[in-house]
Amino acid sequence: MDRQVTKSKGLRGTVTVPGDKSISHRALMIAALANGESRIAGLLDAADPTSTKTCLSTLGIQFEWKGEFLSVHGRGLKGLQAPQTILDAGNSGTTIRLLSGILAGQPFASTISGDESLCGRPMKRIIDPLSEMGARIEGTPKGTAPLRILGTYPLRPIEYQMPISSAQVKSAILLAGLFADGTTRVVEKTVTRDHTERMLGLTTTRSALGHSVEVEGGREIQPGEFQVPGDISSAAFLVSAALIVPHSEIRIRNVGLNPTRTRILDFYRSLGASISILDEKIVAGEPIGDLLVLSTELQGNVWLDGNAVAELIDEIPIISVTLALSGVGLTIQGAADLRAKESDRIASIVANLRNLGLDVEEYADGFAFQAKKSLLHARCDSFGDHRIAMAFGVAGLALSGETTIQNAECVDISFPAFWNLLETLQLH
Ligand code: S3P
């Protein structure tokens, strides 16, 4: 489906964004491993968490909607059943990587796979540590899915120094650690999102080697009430839209403000953005609040690498669009992992920005452009990647004429109501 977006006169209103994708996956998996019934409120109703839910059903977990809560009948650490079919993770990297951590500790074999995009993404990053823990995992010769996982119980506890920044890999090891005979420790240089740690009640400590978190194998997980906040990575598209479209003022309610996710707000504020946080509170172990955003002419010339890239990993597409449309130059380096996301995001961003008339230099691990005013509307390809579709959809709000986003339905992965929500915010 093509989606046309035209220049906006301003965005106004109070909205909510769908539930946090990372927290939704984790709530489903951890509730499945708990001893008894948990309830999840605010679960993201989109294709990615549905993949997790479907895989867990195949492993014997029952779900039931009770009003706005999803009730999950957890079967305890030892209660999953051997799957009778291939587990389908769809487009979801979080599903395949985190679930592999759980499957590694099962006394049965399973196969997990996904769509074409997912089967092109690197899995060696989880195969290596999970194999070290004693599971046998076979992927394709390129180290991609389908993954055949011969689980073992108990697994061997390991101490793992993360060679890359990845919350998915960290979480896969921590979840596998629940099935290990002892203490598993993961150490990372940059703290990546810590939702798994919060849900399992684990604490991160700082040492000379980095940020270290430990999990004890065999400990029972108590069922509970999960409250999923609005996804700040989804809110980022609306925040950016409000910043770049003049005469905008929007309030986004109940957004997750976990400090491992809020770098985007500090980043925009460092360029002068008017973003305030209202009604901040802690709900179910995660900070949440409302974001009030006013249109702002952003100023600066930005260089992003290292820690900043890791902390802004899902926001790079929308940051690129926002800065390009604001006439702010940008250089991104040390971001090779962007090539291994739902699309090759370096190639997708560069191709679409060039379509808009920007001179962009592409590197193996990033890209750069100089500040330029007056970009042109164009046809932009989503490359089947939800964050690319939404980022260039936002661009269309600030460009004169009609911008077309090809294959725009891929927003269903994380934000099915995105296009409608943009419409409801329009000033007419
Ligand atoms: C996620 C971690 C990040 C992020 C992805 C969700 C998670 O991936 O890009 O959208 O929920 O743990 P990496 O671990 O590959 O950086």
Side-chain angles (χ1 to χ4, degrees), residues 18-30 43-44 46-49 51-52 89-102 114 117-118 120-130 143-145 160 162-176 186 188-200 213 228-229 231-237 256 258 260-261 263-264 286 306-319 334-346 348-349 365 385-388 390-391 410-411 413-415:
D20 188 278
K21 182 157 83 65
S22 295
I23 296 178
S24 294
H25 286 296
R26 287 158 172 82
L28 287 165
M29 290 185 206
I30 290 171
L43 187 78
L44 168 63
D48 260 18
S51 296
T52 291
N91 188 248
S92 173
T94 311
T95 306
I96 196 168
R97 295 197 177 114
L98 270 61
L99 210 50
S100 294
I102 294 173
S117 150
L118 191 62
R121 295 178 64 183
M123 295 299 148
K124 196 170 172 314
R125 55 186 64 192
I126 52 154
I127 296 176
D128 288 349
L130 296 177
T144 53
Y160 197 68
M162 294 279 296
I164 52 165
S165 257
S166 166
Q168 291 176 350
V169 175
K170 173 179 64 174
S171 297
I173 300 168
L174 292 175
L175 289 170
V186 184
E188 55 182 356
K189 284 203 198 85
T190 308
V191 200
T192 56
R193 64 195 71 191
D194 64 356
H195 309 298
T196 308
E197 293 89 312
R198 284 176 187 248
M199 274 182 209
L200 292 175
V213 59
V228 182
D231 195 323
I232 190 166
S233 300
S234 298
F237 296 100
N258 178 311
T260 60
R261 303 286 299 281
R263 179 81 184 241
I264 180 69
E286 294 273 352
N307 283 359
V309 167
E311 288 171 12
L312 292 167
I313 193 74
D314 288 340
E315 283 72 64
I316 300 289
I318 186 60
I319 285 175
D337 218 44
L338 282 177
R339 295 204 183 269
K341 293 290 177 186
E342 287 84 328
S343 70
D344 172 344
R345 285 194 177 149
I346 293 180
S348 311
I349 294 168
D365 66 344
D385 181 335
H386 55 135
R387 298 200 200 279
I388 298 295
M390 292 188 274
C410 61
V411 302
I413 290 296
S414 63
F415 200 161

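Just so you know, ligand 1 is whichever comes first in the structure, and atom 1 is the first atom listed for that ligand. All figures in this text were calculated on a predicted structure; none of them were measured in a lab. For the numbers below, each heavy atom of this structure counts, side chains included, while hydrogens, waters and symmetry mates do not.
Checking R26 against S171 by side-chain atom types alone, a donor-acceptor pair falls below 3.5 Å. Side-chain polar atoms of S51 and S92 form no donor-acceptor pair below 3.5 angstrom.
Considering backbone and side-chain atoms together, A167 places an N or O closer than 3.5 Å to an N or O of ligand 1. Here's the thing with D314: one of its N/O atoms is less than 3.5 angstrom from an N/O atom of ligand 1. Looking at ligand 1, you'll find an N or O of Q168 within less than 3.5 Å of one of its N or O atoms.
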(request) Go through I318 and M390 one step at a time and tell me if the side-chain contact (heavy atoms from CB on, under 4.5 Å) criterion holds. (result) CA-CA 8 Å; I318 186 60; M390 292 188 274; over 6 Å; no

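At a heavy-atom distance under 4.0 Å, no atom of H25 approaches ligand 1. Contacts with ligand 1 closer than 4.0 Å are made by side-chain heavy atoms of K341 only, the backbone lying farther away.
Residue D314 is tested with K21, R387, R261 for a salt bridge (charged side-chain N to carboxylate O under 4.0 Å, His left out); the sole match is R387.
When each atom of ligand 1 is checked for a heavy atom of I313 under 4.0 Å away, the hits are 9 (O). Below 4.0 Å from some heavy atom of S166 lie the following atoms of ligand 1, by number and element: 13 (P), 14 (O), 15 (O), 16 (O).
Counting only heavy atoms of the protein, atom 12 (O) of ligand 1 lies nearest to R26 NH2, 2.6 Å.
Residues forming a side-chain hydrogen bond (donor to acceptor under 3.5 Å, both in side chains) with E311 (at least two apart in sequence, or on another chain): R263.
A salt bridge does not link K341 with D385: none of the charged nitrogens is closer than 4.0 Å to a carboxylate oxygen.
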